[in-house]
2 protein chains.
Amino acid sequence: MTSSDKNFPGRDHDHGVCIESAFERAEALCRERGAKLTPLRRRVLEIIWESHAPLGAYDVLQRMNAEGERNAPPTVYRTLDFLLKHGLIHRIESMNAFVGCAMSADAHRALFFICRDCGNVAETHSEAIGEAIEASATRAGFLVETPVMEISGRCQECYDDE
Amino acid sequence: MTSSDKNFPGRDHDHGVCIESAFERAEALCRERGAKLTPLRRRVLEIIWESHAPLGAYDVLQRMNAEGERNAPPTVYRTLDFLLKHGLIHRIESMNAFVGCAMSADAHRALFFICRDCGNVAETHSEAIGEAIEASATRAGFLVETPVMEISGRCQECYDDE
DNA sequence: ATTGCAATGTTATATTATAATGAAAAATAA
DNA sequence: TTATTTTTCATTATAATATAACATTGCAAT
Ligand SMILES: [Zn+2]
Ligand SMILES: [Zn+2]
Ligand SMILES: [Zn+2]
Ligand SMILES: [Zn+2]
């Protein structure tokens, strides 16, 4: 199986592991690229990784300012742009929100499953889908550059709960 | 071939035909459902169908008000909601914009190709993609409800032009 | 006529995102 | 080191997108 894995975050998964490995990947990648993971950027990444549910920019901002700081929107958008540019987070277009990238941050075409109940997002990568899209694009005379694939629905745990 | 067709709108296609058939579909569907295609709704649908490039809500509003009318945002959003509900238009999530539905308006899962040069959008339907997504969803333990698939890239004509 | 309902109008405001400018900090060069 | 340049961050204002809340109109059923 070359394509996706069972990677929807279970209710009981060890999220500490997610966070830890996200930071390891971020640090490795920044070291490798000579990019600076400043305290501000680290903090925003940490906020994003508080859960697997996407956060809006203003939600991030609110958390940044929880202890009385006075960061303004451009600060959070700039920081999110940095994290996006380096593939450390993804933007979920259908939600105007941001979620941590769960994979090695090299450019990749991701498919997101978004649970409408718990709000969690699972990132997957499927060659079969990529190929099907390429085939369709070829028939339509279209050159694929940036696919946005965001599938709303329900995760296993949420539909087990009715 | 059960899946998609060559349906990117060519530079030279007869757009009058697109508009005409869009209105025929809209009228048939509203008749069938007892929904009212009021002058306001007809006008918005007409504005949306001016081209194959998605329009933002405020672009629609501007066109509605071009002759001095004073429609306000809720009017256009309500009207767009009606057209969306009946499948007469689609919302392109990655653009916050709206485009006419090119197919019979029964609930369908569409894939959009969006040309970054000319801005045109082609709507396609591919069983292969649907199946690939279902397969991936099953592996991830996910129940698909509302897929958003919006592929940015370049249409044939635009990359022929360099 | 009166009631009920769907459609539209109106005002205000919420939410998401960026422009423009400058100060501070960090890296690089001299 | 000091000077120079670049990157990062702060600040103020504003643009762009979307909705809440409530009023009015028009039309159909009783
Ligand atoms: Zn986790
Ligand atoms: Zn869920
Ligand atoms: Zn056309
Ligand atoms: Zn094009």
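Remember, predicted model here, so these are calculated numbers, not experimental data. Order of the sequence lines sets the chain letters (A, B, ...), proteins ahead of strands, with each chain counted from 1.
Computed from coordinates, the B:L37 CG to C:dA7 P distance equals 11 Å when rounded to whole Å. Look at CZ on B:R70: it is 10 Å from P on C:dT10, rounded to the nearest Å. Taking atom CD1 of A:I92 as the reference point, atom P of C:dT16 lies 15 Å away to the nearest angstrom. One interatomic measurement links the two molecules: CZ of A:F82 to P of D:dT7, which rounds to 13 Å at whole-angstrom precision. What separates CG of B:D81 from P of C:dA6 is a distance of 16 Å, to the nearest Å. Separating the NZ atom of B:K36 from the P atom of C:dA6 is a distance of 8 Å, rounded to the nearest angstrom.
The side chain of A:R78 approaches D:dC9 more closely than any other nucleotide in the set D:dC9, C:dT16, C:dA27. Of the candidate nucleotides C:dT8, C:dA7, D:dT7, C:dT8 has the atom lying nearest to any side-chain atom of B:L40. You'll find that the side chain of A:P74 is closest to D:dT11, out of D:dT11, C:dA6, D:dA18. Here C:dT11 is the nucleotide among C:dG9, D:dA10, C:dT11 with the atom lying nearest to any side-chain atom of B:A72. In this structure, of C:dA27, C:dA17, D:dA18, it is D:dA18 that holds the atom nearest to the side chain of B:F98.
In this structure, A:N96 reaches the C:dA17 phosphate: one of its side-chain N or O atoms is under 4.0 Å from OP1 or OP2. Within the 4.0 Å cut-off from OP1 or OP2 of D:dC9, not a single side-chain nitrogen or oxygen of A:T75 is found. Residue B:R42 places none of its side-chain N or O atoms closer than 4.0 Å to OP1 or OP2 of C:dA7. Within the 4.0 Å cut-off from OP1 or OP2 of D:dC9, not a single side-chain nitrogen or oxygen of A:N71 is found.
One cannot find a donor-acceptor pair under 3.5 Å joining the base of C:dA14 and the side-chain atoms of A:Y58.
A continuous path of ILVMFWY side-chain contacts below 4.5 Å connects A:L111 to B:F113, so both sit in one hydrophobic cluster.
Two end axes, each from the C1' atoms of five base pairs, can be drawn for the helix from C:dA1-D:dT30 to C:dA30-D:dT1; they diverge by 20°, to 10 degrees.
Taking a 6.0 Å sphere around CD of A:E50, one finds it holds more than 12 heavy atoms contributed by other residues, nucleotides or ligands.
At a threshold of 4.5 Å between non-hydrogen side-chain atoms, the residues A:R63 and A:L55 count as touching.
Under the salt bridge (charged side-chain N to carboxylate O under 4.0 Å, His left out) criterion, B:E27 pairs with B:R42, sequence neighbours left out.
At the heavy-atom level, A:T38 lies under 4.0 Å from the strands shown only through sugar-phosphate atoms.
Between A:Y77 and B:A35, the residue anchored nearer the 5' end of DNA chain C, judged by the nucleotide with its closest heavy atom, is B:A35. Looking at which nucleotide of DNA chain C each of B:P73 and B:R41 is closest to, the 5′-most match is held by B:R41.
Distance check, rounded to the nearest 0.5 Å: NE2 of A:H86 to CG of A:D81 gives 11.0 Å.
When each of A:D117, A:D160, A:D161 is paired with A:R154, the salt bridge (Lys or Arg N to Asp or Glu O under 4.0 Å) condition holds for A:D117 and for no other.
Between A:E134 and A:R109 there is a salt bridge, since a side-chain N of the basic residue sits under 4.0 Å from a carboxylate O of the acidic one.
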